[in-house]
Colleague: 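Once you've had a glance at the structure underneath, I'll fire off some questions.
Along the sequence shown, residues are numbered consecutively beginning with 1.
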Amino acid sequence: MIVYIASPYSNVKDKEQLMKDIASFCGKYMQENQGQYTITGLVHHYAVQEVSTLGSDWNFWKDFCEDFLSRCDTMIVLMFDGWKESRGVQEEIRIASERNIPCTFINPYTY
């Protein structure tokens, strides 16, 4: 099973800490849920952004996210501060809903 991880990004001030928190969540989740593998464009984007100048907003990453999400069995929204206001997260929720991909909301501060 492939689990798509969604989280706010563009308006988060400490992106380095966000990446650590997402990676920590993914590792813990996969340890606790054998056979479920997490994927997120955020960690990929962050790593690539270190050596390249790619866009960081939804318009740039829309096709990438939509393609990956369409291949996943389920989606988890990490409810970091700003997730409700994040255009990307809201669009990912919309895409998941349109494709009947189940969506779970998790508070990463208490997971």
Colleague: Going by heavy atoms in the side chains, are Met75 and Glu92 under 4.5 Å from each other?
Modeller: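 In contact.
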
Colleague: Work out which heavy atom in Leu42 is nearest to a heavy atom in Met19; give both atom names and the distance.
Modeller: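 Heavy atoms of Leu42 and Met19 come nearest at O-SD, 3.7 Å.
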
Colleague: Might you point out which heavy atoms bring Val77 and Cys103 nearest each other, and give the distance in Å?
Modeller: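 Scanning both residues, the minimum pair turns out to be CG2-SG, 3.7 Å.
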
Colleague: Under 4.5 Å between side-chain heavy atoms, counting indirect links through other Ile/Leu/Val/Met/Phe/Trp/Tyr residues: same cluster for Ile95 and Phe64 or not?
Modeller: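 Same cluster.
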
Colleague: What distance do Thr40 atom OG1 and Phe68 atom CZ have between them, rounded to the nearest 0.5 Å?
Modeller: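 Going from the OG1 atom of Thr40 to the CZ atom of Phe68 covers 10.0 Å.
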
Colleague: What is the distance from atom OG of Ser70 to atom CD of Glu66, rounded to the nearest 0.5 Å?
Modeller: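 Rounded to the nearest 0.5 Å, the OG-CD separation comes out at 7.0 Å.
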
Colleague: Mind running side chain to side chain contact (heavy atoms under 4.5 Å, CB included) on Ile2 and Arg71 for me, showing each step along the way?
Modeller: CA-CA 8 Å; Ile2 301 174; Arg71 299 164 194 255; 5.7 Å; no

Colleague: Answer whether the closest heavy-atom distance between the side chains of Leu18 and Ser7 falls below 4.5 Å.
Modeller: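 In short, these two side chains touch, coming nearer than 4.5 Å.
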
Colleague: For Val89, run the side chain to side chain contact (heavy atoms under 4.5 Å, CB included) check against Phe80, Trp83, Tyr9 and tell me which one passes.
Modeller: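 In the set Phe80, Trp83, Tyr9, the residue that makes a side chain to side chain contact (heavy atoms under 4.5 Å, CB included) with Val89 is Trp83.
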
Colleague: Counting C-beta onward and ignoring hydrogens, is there a side-chain heavy-atom pair between Phe25 and Ile106 closer than 4.5 Å?
Modeller: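 When only atoms from C-beta onward are counted, Ile106 and Phe25 do touch, with a gap below 4.5 Å.
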
Colleague: Is it the case that more than 12 heavy atoms not belonging to Asp73 sit under 6.0 Å from its CG atom?
Modeller: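 For Asp73, atom CG is crowded (more than 12 foreign heavy atoms under 6.0 Å).
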
Colleague: I'd like to know if the side chain of Asn33 and the backbone of Gln36 have a donor-acceptor N/O pair within less than 3.5 Å.
Modeller: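 Absent.
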
Colleague: Determine whether Cys65 and Leu69 make a side-chain contact, defined as any pair of heavy atoms from C-beta on separated by less than 4.5 Å.
Modeller: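 Cys65 does not reach Leu69 side chain to side chain.
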
Colleague: Is any side-chain heavy atom of Ile5 closer than 4.5 Å to a side-chain heavy atom of Cys26?
Modeller: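 Result yes, sub-4.5 Å side-chain heavy-atom pair found.
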
Colleague: Indicate yes or no: at least one non-hydrogen side-chain atom of Tyr111 is less than 4.5 angstrom from one of Leu78.
Modeller: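 No - every pair of side-chain heavy atoms lies 4.5 Å or more apart.
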
Colleague: Might you point out which heavy atoms bring Val12 and Lys15 nearest each other, and give the distance in Å?
Modeller: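 Smallest interatomic distance, heavy atoms only, reads O-NZ, 2.7 Å.
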
Colleague: Distance check, rounded to the nearest 0.5 Å: Glu85 atom CD versus Arg87 atom CZ?
Modeller: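 Glu85 atom CD to Arg87 atom CZ measures 15.0 Å (nearest 0.5 Å).
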
Colleague: Please report the closest heavy-atom contact between Met30 and Thr38, naming both atoms and the distance.
Modeller: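 Nearest heavy atoms, Met30 then Thr38: SD-N, 3.5 Å.
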
